[in-house]
Protein chains: 2
Amino acid sequence: MSRVTANIFRKYLSPFGVTNSQLTLLFILAKRDGLSQKQLSEIAVLEKSSLHRNLIRLVDAGLVAKEAFPLIKITDEGKSLVNEVIPEWRKAMDEIKSKLEGEGLLALDTLTDKLLS
Amino acid sequence: MSRVTANIFRKYLSPFGVTNSQLTLLFILAKRDGLSQKQLSEIAVLEKSSLHRNLIRLVDAGLVAKEAFPLIKITDEGKSLVNEVIPEWRKAMDEIKSKLEGEGLLALDTLTDKLLS
DNA sequence: CGCATTGGGTTGTATATACAACTAACAATG
DNA sequence: CATTGTTAGTTGTATATACAACCCAATGCG
């Protein structure tokens, strides 16, 4: 299920040049800017080293800035991107939800049955 | 959500020395042995190159054999492992389900709201 | 005041994953 | 029969992720 949903997100997000994880971080910063890596990693449920490396890519892309180190801030460019992406992100969520619901209320049960029957 | 669930699986599976993905493949082969990589990759929704590399690790671990190449077969050791692991795997699933249900019927909605509010 | 402890951040390493490019082998058709 | 075309499998590369080990700074306590 992780792979299926990640594939759907990727399909909708790739035109924007951001990955699934990167967008999650941008969403968090767009809502509450100026977090430490520690805080970000807790909110995103992302190991601190993984977060660290994601940030490198976001800074390289100019979507996030470490100027106020140790605080992490989203740039104006990052904010614009978030706003542009949201409609496509919603489409991805809709596709995921219909896929999950289409296969029974809790797709996990179905998967369990299929795997362990 | 992918990270949260992967972490739960990892917690229960690590004592057995298999990863989440590897176990999925073993489950599939335990149910229907002797598949081509192509078939396996379709069933597991796993890109063929990713599958290829997972198989290398499974073969190294002696859980899967490529003797009947191009058919992939689970070894007796692999089958035993699957049987040993299933109870722990169920515990992981239970923990995941209670986490999902505990946060509202479709946790995805909650997540959406949290992220985009 | 100095040493120890703690905690955030960084780096090393292994696995996971996808996409793209390639190879090899088999098939179909002129 | 040879050339072409398709397809499974492999390899190259970039990102994602976790865990473990580290470093460095700040703080606390003897």
Side-chain angles (χ1 to χ4, degrees), chain A residues 1-29 34-73 92, chain B residues 1-29 34-73 92:
Chain A
M1 207 173 90
S2 293
R3 285 190 293 269
V4 171
T5 56
N7 288 344
I8 294 171
F9 275 123
R10 194 177 301 111
K11 180 176 68 178
Y12 285 92
L13 301 185
S14 63
F16 299 91
V18 273
T19 65
N20 308 346
S21 305
Q22 289 168 13
L23 189 63
T24 304
L25 297 177
L26 288 180
F27 275 3
I28 293 170
L29 289 172
L35 295 168
S36 69
Q37 292 192 34
K38 168 81 170 165
Q39 290 173 306
L40 250 183
S41 95
E42 281 167 2
I43 296 171
V45 192
L46 187 62
E47 217 277 332
K48 60 183 180 174
S49 62
S50 309
L51 173 66
H52 179 69
R53 281 150 180 160
N54 277 337
L55 284 181
I56 291 173
R57 286 160 207 134
L58 285 169
V59 170
D60 281 351
L63 302 171
V64 147
K66 273 186 164 181
E67 252 71 76
F69 191 85
L71 293 196
I72 310 298
K73 299 213 166 203
Chain B
M1 206 172 91
S2 294
R3 284 191 294 270
V4 171
T5 56
N7 288 344
I8 293 171
F9 275 123
R10 194 177 302 111
K11 180 176 69 179
Y12 285 92
L13 300 186
S14 62
F16 298 91
V18 273
T19 65
N20 307 345
S21 305
Q22 288 168 14
L23 188 63
T24 304
L25 297 177
L26 289 180
F27 275 3
I28 293 170
L29 289 172
L35 295 168
S36 69
Q37 292 191 33
K38 168 81 170 166
Q39 291 173 306
L40 249 183
S41 94
E42 280 166 4
I43 296 171
V45 191
L46 187 62
E47 217 278 332
K48 60 183 179 173
S49 61
S50 309
L51 173 67
H52 179 69
R53 281 151 180 159
N54 278 337
L55 285 180
I56 291 173
R57 287 161 206 132
L58 285 169
V59 171
D60 282 351
L63 303 171
V64 148
K66 273 185 163 181
E67 252 70 79
F69 190 85
L71 292 195
I72 310 298
K73 299 212 165 202

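A quick note: this is a predicted structure, and the numbers were derived from the prediction, not measured. In what follows, chains are A, B, ... by sequence order, proteins preceding strands, each numbered from 1.
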Select base, sugar-phosphate, or nothing to describe what R53(A) touches, counting heavy atoms under 4.0 Å on all strands. base

So, taking the atom named CZ in F16(A) and the one named CG in L63(A), what distance separates them when rounded to the nearest 0.5 Å? 12.5 Å

Does OP1 or OP2 of dG9(D) have a side-chain N or O of H52(B) closer than 4.0 Å? no

To the nearest Å, how far apart are L40(B) CG and dG9(D) C1'? 13 Å

Output yes when at least one side-chain N/O atom of N54(B) is less than 4.0 Å from OP1 or OP2 of dT15(C), else no. no

Provide, to the nearest angstrom, the distance between the CG atom belonging to D60(A) and the C1' atom belonging to dT15(D). 13 Å

Would you say dG8(C) has OP1 or OP2 under 4.0 Å from some side-chain N or O of Q39(A)? no

Under 4.0 Å, counting only non-hydrogen atoms across every strand here, what does K66(B) touch: a base, just sugar-phosphate, or nothing? sugar-phosphate

Figure out the CG/P separation between L55(A) and dT10(C), and round it to whole Å. 9 Å

Is Q37(A) near enough to dG7(C) that one of its side-chain N or O atoms lies under 4.0 angstrom from OP1 or OP2? no

Report yes if a side-chain nitrogen or oxygen of R57(B) is closer than 4.0 Å to either non-bridging phosphate oxygen (OP1 or OP2) of dA16(C); otherwise report no. yes

Give a yes/no on whether any side-chain N or O of S49(A) is located under 4.0 angstrom from OP1 or OP2 of dT10(C). no

Run the side chain to side chain contact (heavy atoms under 4.5 Å, CB included) test against L46(B) and tell me which residues pass, sequence neighbours left out. R3(A), L25(B), A44(B), S50(B), L51(B), N54(B)

Side chain of T19(A): nearest nucleotide among dA18(C), dT15(D), dC19(D)? dT15(D)

Please report, rounded to the nearest Å, how far the P atom of dA14(C) is from the CD atom of Q22(B). 15 Å

OP1 or OP2 of dA16(C) less than 4.0 angstrom from a side-chain nitrogen or oxygen of N20(B), does that happen here? no

I56(B) CD1 to dT11(D) C1', straight-line distance once rounded to whole Å: 10 Å

Report the distance from atom NZ of K38(B) to atom P of dT6(D), rounded to the nearest whole Å. 14 Å

Between atom CG in L13(B) and atom P in dA16(C), what is the gap in whole Å? 12 Å

What nucleic acid atoms does R10(A) come within less than 4.0 Å of, heavy atoms only: base, sugar-phosphate, or nothing? sugar-phosphate

Below 4.0 angstrom from OP1 or OP2 of dT17(D), is there any side-chain N or O of S21(A)? yes

Contact class for S36(A) vs. all strands (heavy atom < 4.0 Å): base, sugar-phosphate, or nothing? sugar-phosphate

Whole angstrom value for the distance that separates P of dA16(D) from CG of L46(A): 10 Å

Begin from the C-alpha positions of Q37(A) and H52(A) and carry the test side-chain contact (heavy atoms from CB on, under 4.5 Å) through to its verdict. CA-CA 7 Å; Q37(A) 292 192 34; H52(A) 179 69; 3.7 Å; yes

Measure the spacing between CZ of R53(A) and CG of L58(A) and express it to the nearest 0.5 Å. 15.0 Å

Describe the nucleic acid contact of K48(A) in one word from base, sugar-phosphate, nothing, applying a heavy-atom distance below 4.0 Å. base

Roughly how far apart are I28(A) CD1 and Q39(A) CD, rounded to 0.5 Å? 11.5 Å

Worked check of side-chain contact (heavy atoms from CB on, under 4.5 Å) between I72(B) and L35(B): CA-CA 5 Å; I72(B) 310 298; L35(B) 295 168; 5.6 Å; no

Quick one: label E47(A) by what it contacts on the DNA or RNA (base, sugar-phosphate, nothing), any heavy atom closer than 4.0 Å. base

Tell me what N7(A) touches on the nucleic acid: a base, only sugar-phosphate, or nothing, going by heavy atoms under 4.0 Å. sugar-phosphate

